[in-house]
Structure formats: structure tokens, C-alpha cells
Amino acid sequence: MLKGVDARLNADVLFALRAMGHGDVLILADTNFPAESVAHDTVLGDLLRMENLTAAEAADAVLSVMPLDTFVDDFAGRMEVVDDPDTVPPVQEEVQAAIDRAEGKPRPMVSIERFAFYDLARESFAVIQTGERRFYGCFMFRKGVIPPVE
């Protein structure tokens, strides 16, 4: 255990989050996402796991230490529901609430078509598979910066 660090963040996840740079992409995936095969194509090359957490719990933990990019509109994204891209299921509402808490204001995620999401995930820095069993519990976070202390 570390003081001041969310206990839900394991050593492998902390390593990856620390190694990421500005603009790098992190994927939070549900249990149905082909995470193992997709993770092999990422920069990290290995699948990370937070299996005992919902997507929102994992997002809360990750966003407690990782800033989101403030320079782009696609700082965070959600996988679109197939044939109904405007629908936002409860699992996505919960993660949106986690983002808003971390940001201190509402910042809506962009929606990403399912196969475009898979392509983005393969090009990401890392994939974290959560224990989320609800459909469409897949998200993208783009790492931001921490400003210097003045």
C-alpha cells in the first residue's frame, strides 16, 4: 500500500500510467472486449487487469492519478452502441460522472464507432480489462499534463 494512492491501482497499472506521456491513449475495457489479443498490439504489449472493479470504479481510480488532455476534444471516448450511436447506457453515464468529478466540471466524452474503437485500442499505449459485465463498458482516456508548480 502507498499513502495517497488509490488502493485499487495495482503495481502494473501504476507503472503504465506513469510511463504514459501527453496524448497517449489508455483503454478501459469490459469483460467482453477482446482485450488480450488487442493488448498485444499496444505500446505496452501486455494486458493490464482491474478485474474486481466496474468500469466506473476503475475510471475513478485511474483518474485519481492521471490527468485528461485539455487540448483536444477527444480527451475521453465511449464505444457507441451498435445501430444506436446516440444511446448512452447506464455504464457510460457512470463513467461520464467519474470524468466530471475528476475534471471538476462536465466534459462530455466523444462517441466512437465499435470497429473504430477496436482500431484505436490497438494503437493505444495500454489496455486495462475491468470486471465490468455490462455491454458497452469500453472507454478511451487520453493523458494530459500536470502543470509546473509556480
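Below, each value reflects all heavy atoms present in this structure, side chains not excepted, and no hydrogens, waters or symmetry copies. Note that the structure is a prediction, hence the values are computed from the model and not measured.
Considering every non-hydrogen atom in both Ala55 and Val91, the closest pair reads CB-CG2, 4.1 Å. Across every non-hydrogen atom of Cys138 and Ala29, the tightest pair is SG-CA, 4.1 Å. Between Thr31 and Gly131, the shortest heavy-atom contact is CG2-C, 3.6 Å. Taking every heavy atom of both residues into account, Ala59 and Val95 meet most closely at CB-CG1, 4.2 Å. Summarising the geometry of Pro106 relative to Asp100, their closest heavy-atom pair is CA-OD1, 3.4 Å, with the distance given to 0.1 Å. Between Ala61 and Leu9 the shortest heavy-atom distance is O-CD1, 3.5 Å.
Residue pairs meeting the side-chain hydrogen bond (donor to acceptor under 3.5 Å, both in side chains) criterion with at least one member in residues 80-90, sequence neighbours excluded: Glu80-Ser111, Asp84-Thr87. For residues 125-150, no pair satisfies ring pair (Phe, Tyr, Trp, His ring centres under 6.0 Å), with sequence neighbours left out.
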How far apart are the C-alpha atoms of Leu26 and Lys143, what are their side-chain angles, what is the distance that settles it, and do they pass the side chain to side chain contact (heavy atoms under 4.5 Å, CB included) test?
CA-CA 8 Å; Leu26 176 71; Lys143 189 174 183 182; over 6 Å; no

Could you give me the CA-CA distance, side-chain angles and deciding distance for Val62 and Ile128, then say whether side chain to side chain contact (heavy atoms under 4.5 Å, CB included) is met?
CA-CA 10 Å; Val62 166; Ile128 299 173; 4.3 Å; yes

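Counting heavy-atom neighbours within 6.0 Å of Asp73 CG, excluding the residue itself, gives a total of 12 or less.
Atom CE in Met79 sits 10.0 Å away from atom CG in Leu120 (nearest 0.5 Å). One distance of note links CD of Glu132 with CZ of Phe33; it measures 14.0 Å at 0.5 Å rounding. Atoms CD and CD, from Glu94 and Glu57 in turn, are 9.0 Å apart once rounded to the nearest 0.5 Å. Note that CG of Leu28 is 10.5 Å distant from OG of Ser124, once rounded to the nearest 0.5 Å. With rounding to the nearest 0.5 angstrom, the CD1 atom of Ile99 is 11.0 Å from the CZ atom of Arg78. Atom CE of residue Met66 and atom CG of residue Asp24 lie 9.5 Å apart, to the nearest 0.5 angstrom.
Looking at Glu113, its side chain does come within 3.5 Å of a backbone N or O of Phe115 through a donor-acceptor pair. In terms of modelled atom types and a separation under 3.5 Å, the side chain of Asp30 and the main chain of Gly137 share a donor-acceptor contact. Put simply, the side chain of Gln129 never gets that close to the backbone of Met50: no donor and acceptor are under 3.5 Å apart.
Under the 4.5 Å side-chain heavy-atom criterion for Ile, Leu, Val, Met, Phe, Trp and Tyr, Leu68 and Ile146 are members of distinct hydrophobic clusters. No continuous path of ILVMFWY side-chain contacts below 4.5 Å connects Val88 to Phe75, so the two sit in separate hydrophobic clusters. There is a path of hydrophobic side-chain contacts, each under 4.5 Å, that joins Phe117 to Val38. At a threshold of 4.5 Å between side-chain heavy atoms, the hydrophobic network of Ile, Leu, Val, Met, Phe, Trp and Tyr places Val5 and Leu53 in one connected group.
In this structure the side chain of His22 reaches within 4.5 angstrom of the side chain of Asp69, judged on heavy atoms. Arg122 places none of its side-chain heavy atoms less than 4.5 Å from the side chain of Thr42. Residues Arg134 and Pro89 are not in side-chain contact: their nearest non-hydrogen atoms beyond the backbone lie 4.5 Å or more apart. Contact of the Val25 side chain with the Glu123 side chain is not registered, since no non-hydrogen atoms from C-beta on lie closer than 4.5 Å. When side chains are defined from C-beta on, Ile112 counts as touching Val110, because their heavy atoms get closer than 4.5 Å.
Salt bridge Arg101/Asp60: present, at least one basic N to carboxylate O contact under 4.0 Å. Ionic pairing of Arg142 and Asp74 is present here: one or more N-O contacts between side-chain nitrogen and carboxylate oxygen are shorter than 4.0 angstrom.
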Which side-chain N or O atoms in residues 10-20 pair as donor and acceptor under 3.5 Å with protein atoms at least two apart or in another chain?
unit_1 : atom_1 : unit_2 : atom_2 : d
Asn10  : OD1    : Asp12  : N      : 3.1
Asn10  : OD1    : Val13  : N      : 2.9
Asn10  : ND2    : Arg49  : O      : 2.8

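Counted by atom type alone, Tyr118 and Arg114 present one or more donor-acceptor pairs between their side chains at under 3.5 Å.
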